[in-house]
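First the structure, in the form of structure tokens, and then the observations on it.
Here is how names work: the chains are called A, B, and so on, in the same order as the sequence lines, proteins then strands, and each is numbered from 1. This is a predicted model, so every value here is computed, not measured.
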Number of protein chains: 2
Amino acid sequence: MLREHNLKVTPQRLGILSILEDTGHISIEELFTFIRKDFSSISIATLYKNINFMLEVNILKEVKIPNSKSKYEISKDEHSHMVCRKCQKLEDITLCLDGVIEHASEKSGYSFDENALVLSGVCPQCQLA
Amino acid sequence: MLREHNLKVTPQRLGILSILEDTGHISIEELFTFIRKDFSSISIATLYKNINFMLEVNILKEVKIPNSKSKYEISKDEHSHMVCRKCQKLEDITLCLDGVIEHASEKSGYSFDENALVLSGVCPQCQLA
DNA sequence: AGGTAAATAATAAAAATTATCCTTTAGAAA
DNA sequence: TTTCTAAAGGATAATTTTTATTATTTACCT
């Protein structure tokens, strides 16, 4: 992935991507805590720079969540997100928004090429408690 | 609105709400620039505190937009947003997401009570240029 | 009108992000 | 392999954004 975008393959970058793969979604501060376990001397500036590079070339996506901090994920097929108000967990879900987007396009005259949908509620586990 | 939520009615707060009514959506920094025209000595801290108060009691909503800063709007009936990648304009659109959300709920087991959808593309005006 | 809790302004402090600058390193080329 | 160089990392300073503190002012209830 890195090589495809002319980014040098460094251990730090591999570490960041590895954590993103494992966790699915993670905030900057969580990521910094994790990566420090493997690279105890990594600089916060390096982390920010790399996140930004990878966002620019679309290796990563930022997920903006109502009432909480952004999380980052490795780019994959288009999907939406679900966030649990109780346990704060963030999960992917693949939905078909074609009809809705088509309708929005007709109604507004916009031509859309991206969408970001976050559904907030309570996850199945937290519903029991 | 303010009185209903036990917030005192101050000229600064009325000024903020008035700008929000006029602009529809506005970022903190834009709002600060605007409000300074009417209240040249208003403190940035006052602005942040009031925005946060009004968010807490749901007089306002924060709209988180991919690749740009959040904007704020006066709460109204549920709706989605459209952002133009060329002119950066943000607009409301009312869409029916019931089907999609119902489907998401069945598929995931979540129970949802809120949704945030932002569609990104090009507005009709910018399509001409 | 007077009293009081809440709001404002000014400012400091904290948190988040970006810039700078010097050292190190990945990866191309010899 | 070794060498060379542009790019990346680390340390830290500087910005930017947001929140906290405190003294003064004001909305609004009697």
DNA chain D-proximal residues of residues 12-32 of chain B, any heavy atom under 4.0 Å =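 Listed by number, there are none.
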
In whole angstrom, give the distance that lies between atom [atom1] of [X] and atom [atom2] of [N].
X: B/Lys49; N: D/dA20; atom1: NZ; atom2: P; result: 10 Å
X: B/Phe53; N: D/dA20; atom1: CZ; atom2: P; result: 11 Å
X: A/Ile44; N: D/dG9; atom1: CD1; atom2: C1'; result: 13 Å
X: A/Ile42; N: D/dA11; atom1: CD1; atom2: P; result: 10 Å
X: B/Leu47; N: D/dA20; atom1: CG; atom2: P; result: 16 Å
X: B/Leu55; N: D/dT18; atom1: CG; atom2: C1'; result: 13 Å
X: A/Ile51; N: C/dA16; atom1: CD1; atom2: P; result: 15 Å
X: B/Asn50; N: C/dA6; atom1: CG; atom2: P; result: 15 Å

Quick one: on DNA chain D, does B/Tyr48 or B/Lys8 contact a more 5' nucleotide (nearest heavy atom)?
-> B/Tyr48

Is [X] near enough to [N] that one of its side-chain N or O atoms lies under 4.0 angstrom from OP1 or OP2?
X: A/Asn52; N: C/dT18; result: yes
X: B/Lys69; N: D/dT17; result: yes
X: A/Thr10; N: C/dA26; result: no

Look at the side chain of A/Ser41 and decide which nucleotide, out of D/dG10, C/dA7, C/dT11, has an atom nearest to it.
-> D/dG10

Sugar-phosphate, base or nothing in reach of B/Thr46, heavy atoms under 4.0 Å |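 Base contact - B/Thr46 has a heavy atom under 4.0 Å of at least one base atom.
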
Do B/Lys71 and B/Glu62 pass the salt bridge (Lys or Arg N to Asp or Glu O under 4.0 Å) test, and can you show the C-alpha distance, the side-chain angles, and the key distance before you say yes or no?
-> CA-CA 6 Å; B/Lys71 295 197 171 187; B/Glu62 178 177 0; over 6 Å; no

With sequence neighbours left out, which residue pairs that include part of residues 99-112 of chain A fulfil the salt bridge (charged side-chain N to carboxylate O under 4.0 Å, His left out) condition?
-> none

Closest nucleotide of DNA chain C for B/Arg36 versus for B/Asn6: which of these residues is on the 5' side?
->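 Looking at DNA chain C, the more 5' nearest nucleotide goes with B/Asn6.
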
Exercise: do A/Tyr110 and B/Glu91 side chains pair donor with acceptor under 3.5 Å = yes

Mind checking whether A/Ile74 and A/Met54 have side chains closer than 4.5 Å, heavy atoms only?
-> no

Side-chain contact, heavy-atom cut-off 4.5 Å: B/Leu7 with B/Met1?
->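 Of all side-chain heavy-atom pairs linking B/Met1 with B/Leu7, none is under 4.5 Å.
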
So, does B/Glu73 use its side chain to make a donor-acceptor pair with the main chain of B/Thr23 at under 3.5 Å?
->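 No, B/Glu73 side chain to B/Thr23 backbone: no donor-acceptor pair under 3.5 Å.
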
Residue A/Phe34 excluded, over 12 heavy atoms near CZ under 6.0 Å | no

